[in-house]
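Throughout, protein chains are lettered first and strands after them, A, B, ... in sequence-line order, and every chain is numbered starting at 1. Only this structure's heavy atoms are used, side chains among them; waters, hydrogens and symmetry mates stay out.
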Amino acid sequence: MADKDTDLKKIKEIIEIMKENELLEVEIKHGDDKIFLKRSQPHPPVGVIPSSVPSIRPEPGPPQHIQGGGAEALIHTYAAQATPSSEALAEIKSPLVGTYYATPSPDSEHYVEVGSTVDPQTLVCIIEAMKVMNEIKAETSGTIVEVLVTNGQAVEYGQVLFKVKPD
Amino acid sequence: MADKDTDLKKIKEIIEIMKENELLEVEIKHGDDKIFLKRSQPHPPVGVIPSSVPSIRPEPGPPQHIQGGGAEALIHTYAAQATPSSEALAEIKSPLVGTYYATPSPDSEHYVEVGSTVDPQTLVCIIEAMKVMNEIKAETSGTIVEVLVTNGQAVEYGQVLFKVKPD
Amino acid sequence: MFSRILIANRGEIALRIIRACHELNIEAVVVYSEADKDASYLQLADEAICIGPADCAKSYLNIPRIISAAEISDVEAIHPGYGFLAENINFAQICRDCGITFIGPPVEAMRLLGDKIQARKLASKAGVPIVPGSDGALEKESMALELANKMGYPVILKATSGGGGRGMRVVHNDLTLRSAFNSARAEAEAAFGDGSIYLEKFIVEPRHVEVQVMADAYGNALHFYERDCSIQRRHQKMIEESPSPILDKQTRGQLAEAALKIIKKANYVNAATVEFLLDKDKNFYFIEANARIQVEHPVTEVVTGHDLIKWQLKIAAGLPLKLSQKNIKHTGVAIECRVNAEDPENNFAPSPGKITRLILPGGPGVRVDTHVHQGWTVSPTYDSMIAKVIVHQRTRTEAIATMKRALREFVIEPIKTTIPACLDILSHNLFVKNKIDTGFVERNF
Amino acid sequence: MFSRILIANRGEIALRIIRACHELNIEAVVVYSEADKDASYLQLADEAICIGPADCAKSYLNIPRIISAAEISDVEAIHPGYGFLAENINFAQICRDCGITFIGPPVEAMRLLGDKIQARKLASKAGVPIVPGSDGALEKESMALELANKMGYPVILKATSGGGGRGMRVVHNDLTLRSAFNSARAEAEAAFGDGSIYLEKFIVEPRHVEVQVMADAYGNALHFYERDCSIQRRHQKMIEESPSPILDKQTRGQLAEAALKIIKKANYVNAATVEFLLDKDKNFYFIEANARIQVEHPVTEVVTGHDLIKWQLKIAAGLPLKLSQKNIKHTGVAIECRVNAEDPENNFAPSPGKITRLILPGGPGVRVDTHVHQGWTVSPTYDSMIAKVIVHQRTRTEAIATMKRALREFVIEPIKTTIPACLDILSHNLFVKNKIDTGFVERNF
């Protein structure tokens, strides 16, 4: 019965947190299996939440192991680490496997660098695949805030090349 | 986002039920893994709950499949089917592998039957193992309310033979 | 020998090739689609490169992406496995043009054997019996009607570029031939981009027997005995065994010899399978040659003790087949069952999904080839085959007993698989008595 | 043949015996302790009977409970596996008295071979060389001192009823002999209830080579070649192989012949292993005979193609060994690695616990014998061995390569296992070059 008391306590705490915060994530993990629940934000929360809102971890310390129904489960609770969607960064990914080139020719300037503004039609780099130089467009608008690859580097499909702060 | 909305709705419903009923079980199953949470009853609930309280299933019908974090999970909610702990039955288990005999000899009366009162020293049956007749004692006190084996039946170690209602 | 190759495939055959590479101290680079990013064999590979999304056309069938992956990972050769690009002449040609060794036959041999009509002609020239039929593609329905009446029904229509039963029709009279001709043509056009159709005499109650061969670049060609693949459902093999329990010693020898004649005539190099139909009177007819490793190659590996993938790698690297025919011994009996994520109780509908419990069979005489593990999600995008169970025993009776106990201890939940169907077949009186043909499954289940 | 037997064991050997039973259409009843109630092999058994709590004395070693389970489940025979009651003469006698066939040797043969001093005498009578030593138990320290000085140091003290290294001491001079004599005696007394100690010449850098034999009730005794088990740590075997890579053809023949002499002299029936030490000059000395199936029996199974457990069942059921020695062929090379739940980085401390991720090796040439599955909890109560990986290849070099790739693809988390230790040994220059002896592991790791 002691275990079940512990479980109930944990669940009660989670419920309390859910009620108090409304914006809430509940993550229940077991091995590879995971149940992850997150409230989406159809209505903006009342009041402004700064992007660097400290996360509220009601029970700091190591993860709690809860015995329940014969299985060992791991339950974390977090208040939502809400990031206003306006802060989210867009990513420009490689649509091809190949070699990344930052410049159209060895002596040219880089297509883009950190601080460059791009629109969907802006050429951002070349990916060479089978001797073909494929010009890659940004396909998003904003300012380059991070370049994750270096000239001449091999890149795979879906690899993130740039992070872009939307306008 | 649709999936997450659905999840949130389900979770909200569960929380509402938890709050309203206080006596609550939440069972989250995934394949073989299961998280089972049940409030034990350190304090008797206010008001008398009949042992045959109808279970409240807020969403009758087939189990709901909830998509969450890439995993398919199954969530059932029940109101607690509370059984007062005073109703708990003791069990007399077989301490041996062998053959169960209800009587000391073929013509004798049964050692015990439903309704018999026993104390720890009461002989309740014989387990024959390797031609040896082992007399088995109750090792508990109370009234036999159920006999789970029949004369001549093979029993394994730890098999429940009788249920006993404690005095 | 190679020091680093790329594997242009996925699933169990990708894992199978990694195993061979590592036993030969070759580094293995694997390409994968986003759908396979959690595959456990990617952890075993020396490098894994994502080449595209789940859609095969943008990943496993996309030649530029695979060649590009080979270039950035600096490999010497590409192993195409089976399926996908394994018999794609264009791919093999591009590999050659890029200076990458294609681990498979030369383009010229692929051309000769890849087109079924060409292959039939080649077999005829080599003196190997073929199923009577049209000399080439039939352009008009009237030509098909005339020939069918000349040979006598039943006849079978087949796609020139086909495989796997698509574009295939068995017809028994003029009426059904008329309708089948056009529908087979349309199906072939859709499936292979080539609507050419040819016609053959339909062999009644045939057995499917195929010979495993291997040839090197120095003119040495050897056979590794036959496999009997008569247990099929809709032209898809379910259970394969070796030796073929119907063959006598003489026919077995003739069959192997016929296979080698074709391979030599095609100047073939690397692994191939030469497929025959065997009629009730033990006459055999060449049907086609598969210019690649086959799904069922482990059956041959366990009875001969030879690792066919290793031989593929060695031969592609230019090493000779240092073996004499008489040193290739065939010992005992092997059976393979394919475990597909399909529901036998629901007309073999695909049954993809997450595997939450998995216990693989093991112990004496059991080999399992699978890329799946507990926690793996079987994707609906790819082939439904998730495991192959291969047993090796002293006799056919013992092999059947071992396979049955192995399949019974195979736990896979909650997805449905063909395991119960395989068990039903293995327990069937006619299978046990070896009274089967390629129509056995459809007639009895 | 039997129609129903009971398996008085647990873990991988219980599963191994179930497999053999089912392939022979014998029903298998398994007994289990409460600690093993979730074992997956219980689901495969035709009946499973709980006989007691985790404590072996109240379950797997409890004769009345096992006999009682055999009686209520109405079996014809009991297979004891290895360990637990496998070599318990009292148990075999009780089985006989209860009319249950003990699947193992007759009580009389167990008596002759079970006591090591008796077994040495029997070997001498049979004309098989034994390690020079005392003729029987040494009652006094002074006797040990006298003999040791006569033979010359180093000498080894051993428990008469012992096994597994308990009660064993190697001593190099009078001083250490004095202290070792009493401590070995106390250890033997505690471990076996018998403090008898004998003394032998200690063979320096010996190899442990054992011969698998099988005898029927009609006087036929055959050998199934040898296993080399020189890779040991604290007298526990870690890696076994066949053939012994050190033996020449002549010595191999002599060794097998010596083993058969002993078995015949003891009127032995069923499976046994005759163990020898081989010194640097290829002289061999009988050390003991194990009157049961061994952990490492699969090594012999894969190189000979014979299922030894099936032979045990057949012979116990009174069937003859229908084989001639020359029809038992030895093909290729087999290696077995034992996977124990022990932490090699922490002095091989037990590492029990729940297995949350498990991917077993597979593919060509790999056999896995294990009862564990993902989700299974390795109990601290029992033996730490959780799996055996056996490989079969054409050559020792290839077998080592296959074993290395198999162990590298074996994923087991989060418990620690001996896999990394096995990989270190397999990669060691001296192992590869076959320059090993029973002290190799302790000297080099």
Can you tell me which portion of A/V132 sits under 4.5 Å from chain C's heavy atoms? Options are side chain, backbone, both or neither. neither
Is there a side-chain contact (heavy atoms from CB on, under 4.5 Å) between C/I94 and A/M130 once you walk through the steps? CA-CA 10 Å; C/I94 289 171; A/M130 290 185 72; 3.6 Å; yes
Working for side-chain contact (heavy atoms from CB on, under 4.5 Å), residues A/L96 and C/R65: CA-CA 7 Å; A/L96 289 170; C/R65 290 180 182 206; 4.1 Å; yes
Sorted by chain and residue number, the side-chain hydrogen bond (donor to acceptor under 3.5 Å, both in side chains) partners of A/K137 (sequence neighbours excluded) come out as A/Q121
Residues of residues 12-41 of chain C with a heavy atom under 4.5 Å from any heavy atom of chain A, in residue-number order, are C/Y32, C/E34
Write down the atom of C/S68, the atom of A/G98, and the distance for their closest heavy-atom approach. OG-CA, 3.4 Å
Answer whether the closest heavy-atom distance between the side chains of C/S59 and A/Y157 falls below 4.5 Å. no
So, the part of A/E128 with a heavy atom under 4.5 Å from chain C: the answer is backbone
Between A/V155 and C/I72, what is the shortest heavy-atom contact and its length? O-CD1, 3.7 Å
